[in-house]
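Since this is a predicted model, take the numbers as computed values, not measurements.
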Amino acid sequence: MATLVLDNGACTAKVGLSTYSEPKIIPNCVTKAKNVRTRIFIGDQIDDCKDLSSLYYLLPFQKGFLVNWEIEKQVWDHMFSKDVCQVDFNETTALVTEPYFNFPSCSESINEVIFEEFQFQALYRTQAPTLSCYKHQKDRETSGSLFGTLVIDSGYSFSHIIPFLKNKPIKDAIIRVNVGGKVLTNHLKEVISYRQLMVMDETYVINQLKEDVCYVSSQFNKDMAIARLKGPENTICRDYILPDYTHIKRGYVRSQDDSPSKNKGEEQMIRMNNERFAIPELLFHPSDVGIQEMGLSEAIMHCTSLVEDELAPHLLNNVILSGGNVLLPGFEERLYSDVRSMSDDDYDISVSTPKNPITYAWQGGCDLASDPMFPSMCVSKYEYEENGHSICAERFT
């Protein structure tokens, strides 16, 4: 039986059959554009839109949890169609991710939609960091079994720190920091709107700007001092040219060697200075903007204090990063230096980032689907019809 692996993130869904080498990455939303009144764009159909200014998003996830099934079913219908992954529901098992500490009602809704709406033949529900840990374990099998793994998953809505002992998450020590990519983009919109140009409606463009320009600083005060300098001595400042969707289809960083074009008056530009590193700093110091949460580095140390003393050094020696935020330049180095400074001197610290941290969990799902034990871990459609949600709650603990 074929297995469809769906890493159903709040920002993007990574979907594909387990036989695929790479997943399709689909924006998990329905979008409306101000210049196209007659159509809505589902998932990656937004690529067909020629003007991406002032987009209006309809999101199935709110605060990290899947609550709007009217929107999600539209996205799933598109993903399971012949345009993305042609799925034969009668011959397919679904492997679907959900967030940690998901509400029972949200989990039951997934069961109902998978079995009753789409008529999949079997279901396995799990969490993306669990799949990342499984993938990492498979990759390291040649060097022996890993005793403990610490997965840092920093995504759209949340950042999770999850300790694993022999591939099983230690539930009482899981830490969730309510800061993710959404907070960074929204705060960047507010800062730019206050200092330079009104961009509160330009979520799509500002998110691209964040990904193109922002980085995580390892020496915050030093970079801040450089950002105060004028002229060529300021090596941090960058000019970002905004798209006009006529001549410029996508925003870009103007090279420091480039002279302003003759059409300078027609270009809209945002000057990024200390915003480049001050925005990602919220991941490490959320209290800077009044969010009463621990930063990632502090949360990691708190997490290791909740496990057995003998396990903590094993976890810190095997830290895996996943999620879109870890792609910010300097993220791994900053996390390593912070954890190194907070840990005992005799601990070995190892922090590693997969080749593609966004699709790493999906690849772990493909590996799991090929495991001989996988069919026994799933709930079949027949079992669901006989026992209802109770069999799913029992098997997907």
Exercise answer: donor-acceptor pairs, residues 168-180 side-chain atoms, under 3.5 Å, sequence neighbours excluded:
residue: Arg176; atom: NE; partner: Asn178; partner atom: OD1; Å: 3.0
residue: Asn178; atom: ND2; partner: Glu293; partner atom: OE2; Å: 2.8

Counting only pairs under 3.5 Å, give me each side-chain donor-acceptor contact of residues 216-225, with atom names and distances, residues two or more places apart or in other chains.
residue: Ser217; atom: OG; partner: Gln219; partner atom: N; Å: 3.1
residue: Ser217; atom: OG; partner: Gln219; partner atom: O; Å: 3.2
residue: Ser217; atom: OG; partner: Phe220; partner atom: N; Å: 3.3
residue: Ser217; atom: OG; partner: Asp223; partner atom: OD2; Å: 2.8
residue: Asp223; atom: OD2; partner: Tyr215; partner atom: OH; Å: 3.0

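The closest side-chain donor-acceptor pair between Glu211 and Asn207 falls under 3.5 angstrom. For the 3.5 Å distance criterion, the side chains of Ser54 and Tyr204 fail to qualify, holding no donor opposite an acceptor. Remark: the Asp7 side chain and the Thr97 side chain contain an N/O donor-acceptor pair separated by less than 3.5 Å. Remark: the His160 side chain and the Gln127 side chain contain no N/O donor-acceptor pair separated by less than 3.5 Å.
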Between Ile349 and Ser343, is the side-chain contact (heavy atoms from CB on, under 4.5 Å) condition met? List the steps.
CA-CA 9 Å; Ile349 310 297; Ser343 307; 3.7 Å; yes
Step by step, would you call Tyr360 with Tyr134 a ring pair (Phe, Tyr, Trp, His ring centres under 6.0 Å)?
CA-CA 10 Å; Tyr360 197 63; Tyr134 183 86; over 10 Å; no
Quick one: do Asp77 and Lys73 satisfy salt bridge (charged side-chain N to carboxylate O under 4.0 Å, His left out)? Show the steps, please.
CA-CA 6 Å; Asp77 279 331; Lys73 276 192 275 190; over 6 Å; no
Between Glu202 and Lys189, does a salt bridge (charged side-chain N to carboxylate O under 4.0 Å, His left out) hold up when you go through it step by step?
CA-CA 8 Å; Glu202 303 297 341; Lys189 286 194 302 183; over 6 Å; no
In sequence, state the C-alpha distance, the side-chain angles, and the governing distance for Lys50 and Tyr245, and then conclude on side-chain contact (heavy atoms from CB on, under 4.5 Å).
CA-CA 7 Å; Lys50 292 184 171 60; Tyr245 299 108; over 6 Å; no
Set out, in order, the CA-CA distance, both residues' side-chain angles and the distance that settles side-chain contact (heavy atoms from CB on, under 4.5 Å) for Leu197 and Leu242, then state yes or no.
CA-CA 11 Å; Leu197 184 70; Leu242 296 173; 3.7 Å; yes
Take Leu55 and Ile46, measure what side-chain contact (heavy atoms from CB on, under 4.5 Å) needs, and give me the verdict at the end.
CA-CA 10 Å; Leu55 296 180; Ile46 193 62; 4.1 Å; yes
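Rounded to the nearest 0.5 Å, atoms CG (Leu315) and OG (Ser350) are 12.0 Å apart. Separation of atoms CD1 (Ile42) and CD1 (Ile71) is listed at 8.5 Å; rounding is to 0.5 Å.
For Glu383 (side chain) and Ser380 (main-chain N/O), a donor-acceptor pair under 3.5 Å exists by modelled atom type. Without hydrogens or angle criteria, Lys135 side chain to Gln363 main chain gives no donor-acceptor distance under 3.5 Å. When atom types are taken as modelled, the side chain of Gln196 and the backbone of Arg271 share a donor-acceptor pair closer than 3.5 angstrom. Of the possible polar contacts, one joining the Arg37 side chain to the Lys34 backbone as a donor-acceptor pair under 3.5 Å is found. Looking at Asn234, its side chain does come within 3.5 Å of a backbone N or O of Cys237 through a donor-acceptor pair. Remark: the backbone N or O of His78 is paired with a side-chain donor or acceptor of Ser81 at under 3.5 angstrom.
Between Phe115 and Tyr382, the gap from one ring centroid to the other reaches at least 6.0 Å. Outside the 6.0 Å centre-distance limit, the rings of Phe41 and Tyr56 are not counted as a close aromatic pair. Checked against a 6.0 Å centroid threshold, the rings of Phe158 and Phe65 count as neighbours.
Partners of Gln121 under the side-chain contact (heavy atoms from CB on, under 4.5 Å) rule, at least two apart in sequence or in another chain, are Met1, Asn90, Lys381.
The two residues Pro60 and Leu58 come nearest to each other via the heavy atoms CD-O, 4.0 Å. In plain terms, the two heavy atoms of Cys214 and Leu328 that are nearest each other are O-CD2, 3.9 Å. The two residues Met301 and Leu316 have their closest heavy-atom pair at CE-CD1, 4.4 Å. When all heavy atoms are compared, the tightest approach of Gly9 to Asn28 is O-ND2, 2.8 Å.
Aromatic ring orientation, Trp69 versus Trp76: perpendicular (interplanar angle above 60°, classes split at 30° and 60°).
Side-chain atoms of Phe120 and Val87, non-hydrogen and from C-beta on, do get closer than 4.5 Å to each other. You'll find the side chain of Ile291 stays beyond 4.5 Å of the side chain of Leu282, heavy atoms only.
For Glu275 and Arg238, the salt-bridge test fails: no basic side-chain N is under 4.0 Å from an acidic carboxylate O. Looking at Lys249 and Asp244, no side-chain N of the basic residue comes within less than 4.0 Å of a carboxylate O on the acidic one, giving no salt bridge. Classification of Lys138 and Asp367 as a salt-bridged pair fails, no side-chain N sitting under 4.0 Å from a carboxylate O.
For the pairing with Arg125, the salt bridge (charged side-chain N to carboxylate O under 4.0 Å, His left out) check across Glu98, Glu108, Glu394 returns one residue only, Glu98.
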